[in-house]
Amino acid sequence: MLDKGIVLPAHIAIIMDGNGRWAKQRGLARTEGHKRGAEVFRNICTYASRIGIKHMTFYAFSTENWKRSETEVTALMNLFRNYLFEMEEREAENESGGYCIHFLGAREGLPSDLVKLMDQAEARSANKTHMHVNIAVNYGGRAEIVHAAKLLGEQIKAGTLQPQDITEESISALLYTANQPDPDLIIRPSGEQRLSNFLIWQAAYAEFYYDDVLWPDFTPDDLDRAINAFARRDRRFGGVQQQ
Ligand code: IPE
Ligand code: IPE
Ligand code: MG
(Lines give C-alpha, C1' and ligand atoms only; values in the text may rest on other atoms or scores of the structure.)
(Ligands and ions follow the chains in the order given, each with its own letter.)
Protein backbone atom coordinates (compact mmCIF):
# COMPACT_ATOMS: atom_id res chain seq x y z
CA MET A 1 0.00 0.00 0.00
CA LEU A 2 1.16 3.52 -0.69
CA ASP A 3 1.90 5.61 2.41
CA LYS A 4 -0.59 8.41 2.97
CA GLY A 5 0.10 11.88 1.66
CA ILE A 6 3.32 11.08 -0.18
CA VAL A 7 4.50 12.93 -3.24
CA LEU A 8 4.64 10.52 -6.16
CA PRO A 9 7.64 10.44 -8.46
CA ALA A 10 6.76 12.08 -11.77
CA HIS A 11 8.81 9.57 -13.73
CA ILE A 12 9.62 5.99 -12.77
CA ALA A 13 11.97 3.88 -14.87
CA ILE A 14 12.19 0.11 -14.47
CA ILE A 15 14.89 -2.31 -15.60
CA MET A 16 12.77 -5.42 -16.15
CA ASP A 17 15.34 -8.02 -15.13
CA GLY A 18 15.32 -11.62 -13.93
CA ASN A 19 13.08 -13.32 -16.48
CA GLY A 20 15.70 -15.94 -17.32
CA ARG A 21 16.36 -16.85 -13.68
CA TRP A 22 12.64 -17.02 -12.97
CA ALA A 23 12.23 -19.57 -15.77
CA LYS A 24 15.32 -21.54 -14.74
CA GLN A 25 14.04 -21.86 -11.17
CA ARG A 26 10.98 -23.56 -12.61
CA GLY A 27 12.81 -25.74 -15.11
CA LEU A 28 11.27 -23.75 -17.97
CA ALA A 29 12.82 -22.24 -21.10
CA ARG A 30 14.06 -18.64 -20.71
CA THR A 31 11.42 -17.56 -23.21
CA GLU A 32 8.71 -18.59 -20.71
CA GLY A 33 10.19 -16.08 -18.29
CA HIS A 34 9.98 -13.39 -20.94
CA LYS A 35 6.36 -14.28 -21.60
CA ARG A 36 5.48 -13.89 -17.95
CA GLY A 37 7.60 -10.72 -17.79
CA ALA A 38 5.57 -9.20 -20.62
CA GLU A 39 2.35 -9.83 -18.66
CA VAL A 40 3.82 -8.20 -15.58
CA PHE A 41 4.77 -5.20 -17.73
CA ARG A 42 1.10 -4.81 -18.72
CA ASN A 43 -0.08 -5.09 -15.10
CA ILE A 44 2.43 -2.63 -13.75
CA CYS A 45 1.60 -0.19 -16.52
CA THR A 46 -2.09 -0.33 -15.67
CA TYR A 47 -1.41 0.01 -11.96
CA ALA A 48 1.00 2.94 -12.39
CA SER A 49 -1.59 4.73 -14.47
CA ARG A 50 -4.26 4.06 -11.84
CA ILE A 51 -2.22 5.60 -9.01
CA GLY A 52 -1.38 8.63 -11.12
CA ILE A 53 2.20 8.21 -12.29
CA LYS A 54 2.68 10.45 -15.32
CA HIS A 55 5.78 8.94 -16.93
CA MET A 56 6.90 5.32 -16.93
CA THR A 57 9.92 3.95 -18.76
CA PHE A 58 10.52 0.22 -19.18
CA TYR A 59 13.82 -1.27 -20.30
CA ALA A 60 12.78 -4.10 -22.62
CA PHE A 61 15.80 -4.82 -24.84
CA SER A 62 19.27 -3.33 -24.72
CA THR A 63 21.79 -2.80 -27.50
CA GLU A 64 23.81 -5.53 -25.74
CA ASN A 65 20.94 -8.04 -25.68
CA TRP A 66 21.66 -8.93 -29.33
CA LYS A 67 24.42 -11.13 -27.86
CA ARG A 68 21.77 -13.65 -26.80
CA SER A 69 20.75 -16.70 -28.80
CA GLU A 70 18.70 -16.22 -31.95
CA THR A 71 15.85 -18.18 -30.34
CA GLU A 72 15.73 -15.83 -27.38
CA VAL A 73 16.02 -12.66 -29.47
CA THR A 74 13.28 -13.87 -31.83
CA ALA A 75 11.03 -14.72 -28.87
CA LEU A 76 11.54 -11.24 -27.40
CA MET A 77 10.76 -9.57 -30.75
CA ASN A 78 7.62 -11.73 -31.07
CA LEU A 79 6.41 -10.68 -27.62
CA PHE A 80 6.99 -7.09 -28.55
CA ARG A 81 5.11 -7.56 -31.84
CA ASN A 82 2.18 -9.14 -29.97
CA TYR A 83 2.02 -6.19 -27.64
CA LEU A 84 1.92 -3.78 -30.56
CA PHE A 85 -0.88 -5.74 -32.23
CA GLU A 86 -2.78 -5.87 -28.97
CA MET A 87 -2.48 -2.12 -28.57
CA GLU A 88 -3.96 -1.63 -32.00
CA GLU A 89 -6.85 -3.98 -31.22
CA ARG A 90 -7.60 -2.32 -27.91
CA GLU A 91 -7.71 1.05 -29.56
CA ALA A 92 -10.05 -0.32 -32.19
CA GLU A 93 -12.30 -1.52 -29.38
CA ASN A 94 -11.91 1.85 -27.75
CA GLU A 95 -10.47 0.31 -24.63
CA SER A 96 -7.17 2.04 -24.75
CA GLY A 97 -5.65 2.98 -21.44
CA GLY A 98 -4.95 6.39 -22.89
CA TYR A 99 -1.17 6.05 -22.86
CA CYS A 100 1.05 8.16 -25.02
CA ILE A 101 3.55 5.55 -26.23
CA HIS A 102 7.10 6.33 -27.09
CA PHE A 103 9.94 4.03 -28.05
CA LEU A 104 13.45 4.81 -26.91
CA GLY A 105 16.33 3.35 -28.89
CA ALA A 106 17.65 2.91 -32.41
CA ARG A 107 15.15 1.80 -35.01
CA GLU A 108 18.01 0.54 -37.21
CA GLY A 109 18.59 -3.14 -36.66
CA LEU A 110 15.00 -3.93 -35.66
CA PRO A 111 12.76 -5.95 -38.02
CA SER A 112 11.13 -3.53 -40.47
CA ASP A 113 7.54 -4.66 -39.76
CA LEU A 114 8.15 -3.94 -36.09
CA VAL A 115 9.50 -0.48 -36.85
CA LYS A 116 6.35 0.23 -38.85
CA LEU A 117 4.12 -0.89 -35.98
CA MET A 118 6.14 1.20 -33.53
CA ASP A 119 5.85 4.31 -35.70
CA GLN A 120 2.10 3.75 -36.08
CA ALA A 121 1.59 3.23 -32.34
CA GLU A 122 3.50 6.43 -31.57
CA ALA A 123 1.55 8.41 -34.15
CA ARG A 124 -1.84 7.08 -32.98
CA SER A 125 -1.16 7.80 -29.33
CA ALA A 126 0.64 11.13 -29.70
CA ASN A 127 -2.24 13.21 -28.34
CA LYS A 128 -2.98 11.06 -25.31
CA THR A 129 -2.07 12.72 -22.08
CA HIS A 130 -3.06 10.43 -19.21
CA MET A 131 0.34 8.75 -18.93
CA HIS A 132 3.51 8.63 -21.00
CA VAL A 133 4.87 5.13 -21.46
CA ASN A 134 8.37 4.79 -22.83
CA ILE A 135 9.54 1.39 -23.92
CA ALA A 136 13.29 1.11 -24.43
CA VAL A 137 13.96 -1.32 -27.27
CA ASN A 138 17.36 -1.65 -28.91
CA TYR A 139 18.30 1.01 -26.43
CA GLY A 140 21.74 1.85 -25.08
CA GLY A 141 22.57 4.96 -23.08
CA ARG A 142 25.94 5.38 -24.73
CA ALA A 143 24.51 4.84 -28.21
CA GLU A 144 21.89 7.47 -27.39
CA ILE A 145 24.58 10.01 -26.50
CA VAL A 146 26.58 9.16 -29.64
CA HIS A 147 23.41 9.68 -31.68
CA ALA A 148 22.88 13.11 -30.07
CA ALA A 149 26.54 14.03 -30.65
CA LYS A 150 26.21 13.22 -34.35
CA LEU A 151 23.16 15.46 -34.63
CA LEU A 152 25.04 18.28 -32.94
CA GLY A 153 27.96 17.73 -35.30
CA GLU A 154 25.65 18.04 -38.28
CA GLN A 155 24.20 21.30 -36.97
CA ILE A 156 27.69 22.70 -36.47
CA LYS A 157 28.72 21.59 -39.96
CA ALA A 158 25.62 23.26 -41.41
CA GLY A 159 26.51 26.45 -39.54
CA THR A 160 23.24 26.50 -37.56
CA LEU A 161 24.98 25.88 -34.21
CA GLN A 162 28.12 27.28 -32.63
CA PRO A 163 30.08 24.90 -30.35
CA GLN A 164 29.98 27.44 -27.49
CA ASP A 165 26.16 27.36 -27.64
CA ILE A 166 25.95 23.66 -26.73
CA THR A 167 24.27 23.31 -23.33
CA GLU A 168 23.00 20.49 -21.14
CA GLU A 169 19.51 21.39 -22.33
CA SER A 170 20.48 21.22 -25.99
CA ILE A 171 21.91 17.74 -25.46
CA SER A 172 18.83 16.59 -23.48
CA ALA A 173 16.65 17.84 -26.32
CA LEU A 174 18.41 15.50 -28.76
CA LEU A 175 18.01 12.37 -26.65
CA TYR A 176 15.21 9.84 -27.19
CA THR A 177 13.59 11.21 -24.02
CA ALA A 178 13.37 14.80 -25.33
CA ASN A 179 10.61 16.85 -23.67
CA GLN A 180 10.16 14.38 -20.83
CA PRO A 181 11.32 14.85 -17.26
CA ASP A 182 14.36 12.86 -16.09
CA PRO A 183 13.48 9.74 -14.08
CA ASP A 184 13.08 10.43 -10.36
CA LEU A 185 13.16 6.79 -9.42
CA ILE A 186 14.91 3.88 -11.16
CA ILE A 187 13.87 0.42 -10.02
CA ARG A 188 15.87 -2.72 -10.73
CA PRO A 189 14.51 -6.04 -9.55
CA SER A 190 16.39 -9.39 -9.58
CA GLY A 191 19.11 -8.41 -7.13
CA GLU A 192 21.44 -6.82 -9.67
CA GLN A 193 22.74 -3.40 -8.73
CA ARG A 194 23.86 -1.79 -11.95
CA LEU A 195 22.49 0.41 -14.71
CA SER A 196 23.45 -1.82 -17.66
CA ASN A 197 23.63 1.17 -20.02
CA PHE A 198 20.14 2.43 -19.10
CA LEU A 199 19.39 6.18 -19.17
CA ILE A 200 22.94 7.05 -18.20
CA TRP A 201 22.53 10.75 -18.97
CA GLN A 202 19.01 11.08 -17.56
CA ALA A 203 19.85 9.18 -14.34
CA ALA A 204 22.16 11.95 -13.08
CA TYR A 205 19.97 12.65 -10.02
CA ALA A 206 17.65 9.67 -10.01
CA GLU A 207 17.05 7.71 -6.81
CA PHE A 208 17.90 4.03 -7.19
CA TYR A 209 15.85 1.23 -5.72
CA TYR A 210 16.97 -2.38 -5.90
CA ASP A 211 14.80 -5.33 -5.11
CA ASP A 212 15.59 -9.06 -4.97
CA VAL A 213 12.25 -10.07 -6.49
CA LEU A 214 12.55 -11.33 -10.08
CA TRP A 215 10.62 -9.27 -12.63
CA PRO A 216 8.04 -12.00 -13.44
CA ASP A 217 7.11 -11.98 -9.73
CA PHE A 218 7.00 -8.19 -9.42
CA THR A 219 3.63 -6.94 -8.18
CA PRO A 220 1.89 -3.59 -7.62
CA ASP A 221 2.80 -4.04 -3.93
CA ASP A 222 6.47 -4.11 -4.91
CA LEU A 223 5.97 -0.90 -6.85
CA ASP A 224 4.27 0.66 -3.82
CA ARG A 225 7.22 -0.32 -1.63
CA ALA A 226 9.64 1.30 -4.05
CA ILE A 227 7.57 4.49 -4.18
CA ASN A 228 7.28 4.61 -0.37
CA ALA A 229 11.05 4.22 -0.07
CA PHE A 230 11.53 6.95 -2.65
CA ALA A 231 9.24 9.30 -0.72
CA ARG A 232 11.44 8.89 2.38
CA ARG A 233 14.63 9.84 0.56
CA ASP A 234 16.11 13.27 0.95
CA ARG A 235 17.00 14.48 -2.52
CA ARG A 236 19.55 17.23 -2.25
CA PHE A 237 20.63 17.79 -5.88
CA GLY A 238 23.97 19.01 -4.57
CA GLY A 239 22.38 21.39 -2.07
CA VAL A 240 21.92 21.13 1.69
CA GLN A 241 19.68 18.70 3.61
CA GLN A 242 16.11 19.93 4.12
CA GLN A 243 15.00 20.06 7.75
C1 IPE B 1 15.35 -9.38 -18.54
O2 IPE B 1 15.51 -10.66 -18.03
C3 IPE B 1 14.82 -9.36 -19.94
C4 IPE B 1 15.80 -8.89 -20.93
C5 IPE B 1 17.03 -8.51 -20.67
C6 IPE B 1 15.36 -8.84 -22.29
P7 IPE B 1 16.82 -11.50 -18.34
O8 IPE B 1 16.59 -12.30 -19.56
O9 IPE B 1 18.04 -10.65 -18.35
O10 IPE B 1 16.84 -12.45 -17.07
P11 IPE B 1 18.11 -12.97 -16.29
O12 IPE B 1 18.89 -11.77 -15.87
O13 IPE B 1 18.87 -13.84 -17.24
O14 IPE B 1 17.54 -13.72 -15.15
C1 IPE C 1 19.34 -5.09 -18.77
O2 IPE C 1 19.33 -6.41 -18.31
C3 IPE C 1 18.53 -4.97 -20.01
C4 IPE C 1 17.10 -5.17 -19.86
C5 IPE C 1 16.46 -5.44 -18.77
C6 IPE C 1 16.35 -5.00 -21.07
P7 IPE C 1 20.49 -7.42 -18.68
O8 IPE C 1 20.12 -8.72 -18.05
O9 IPE C 1 20.73 -7.42 -20.14
O10 IPE C 1 21.76 -6.76 -17.96
P11 IPE C 1 23.11 -7.41 -17.48
O12 IPE C 1 23.69 -8.16 -18.65
O13 IPE C 1 22.80 -8.31 -16.34
O14 IPE C 1 23.96 -6.25 -17.04
MG1 MG D 1 19.32 -10.05 -16.88
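Residue numbers count from 1 along this sequence. Ligands are counted one by one from 1 in listed order, and the atoms in each one are counted from 1 as well. Just so it is clear, the model here is predicted, and its values are computed rather than measured.
Only one option out of His132, His102, Gln202, His11 pairs with Thr57 in a side-chain hydrogen bond (donor to acceptor under 3.5 Å, both in side chains); it is His11.
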(request) Go through the steps for Thr46 and Asn43 under the test side-chain hydrogen bond (donor to acceptor under 3.5 Å, both in side chains), then give the verdict. (result) CA-CA 5 Å; Thr46 307; Asn43 288 345; 5.6 Å; no
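Atom CZ of Arg107 sits in a crowded spot, with more than 12 heavy atoms from other residues, nucleotides or ligands closer than 6.0 Å. Sparse packing is recorded around CG of Asn127, with 12 or fewer heavy atoms of other residues, nucleotides or ligands lying under 6.0 Å away. Atom NZ of Lys54 has more than 12 heavy atoms from other residues, nucleotides or ligands within 6.0 Å.
What sits closest to atom 9 (O) of ligand 2 on the protein, heavy atoms only, is Asn65 ND2, 2.9 Å. When only non-hydrogen protein atoms are considered, atom 6 (C) of ligand 1 lies nearest to Ala60 O, 3.3 Å. Among all non-hydrogen protein atoms, the one lying nearest atom 13 (O) of ligand 1 is Arg30 NH2, 2.9 Å. Scanning the protein for heavy atoms near atom 14 (O) of ligand 2, the closest one is Ser196 OG, 2.6 Å. The protein non-hydrogen atom at the shortest distance from atom 5 (C) of ligand 2 is Met16 O, 3.4 Å.
Contacts between Leu214 and ligand 1, counted as non-hydrogen atom pairs separated by less than 4.0 Å, are absent for every part of the residue.
Contact record, Pro183 with Ala206: O-CB, 3.5 Å, taken as the closest heavy-atom pair. Contact between Ala173 and Ala178 at its shortest, heavy atoms only, is O-CB, 3.3 Å.
Under the 4.5 Å side-chain criterion, counting only non-hydrogen atoms from C-beta, Leu199 is in contact with Tyr139.
Listed by atom number, the atoms of ligand 2 under 4.0 Å from Arg68 heavy atoms are 7 (P), 8 (O), 9 (O). Heavy-atom contacts of Phe61 reach the following atoms of ligand 2: 6 (C) (cutoff under 4.0 Å). The contact set between ligand 2 and Asp17, taken as ligand atoms under 4.0 Å from a residue heavy atom, comprises 2 (O), 8 (O). Listed by number with element, the atoms of ligand 1 under 4.0 angstrom from any heavy atom of Arg21 are 11 (P), 12 (O), 14 (O). Atom numbering of ligand 2 starts at 1 in the shown order; those under 4.0 Å from a heavy atom of Arg194 are 11 (P), 13 (O), 14 (O).
Polar contact check, Asn19 against ligand 1: a nitrogen or oxygen pair lies under 3.5 Å apart.
Remark: among candidates Arg188, Glu64, Glu192, the nearest residue to atom 10 (O) of ligand 2 is Arg188, based on non-hydrogen atoms.
With hydrophobic clusters built from ILVMFWY side chains whose heavy atoms lie under 4.5 angstrom apart, Phe230 shares a cluster with Phe218.
Not a single heavy atom of Ser190 lies less than 4.0 angstrom from ligand 1.
Closest to the Mg ion (ligand 3) among the N, O or S atoms of Asp17 is OD1.
When only modelled atom types and interatomic distance are considered, Thr167 and Ser170 share a side-chain donor-acceptor pair under 3.5 Å.
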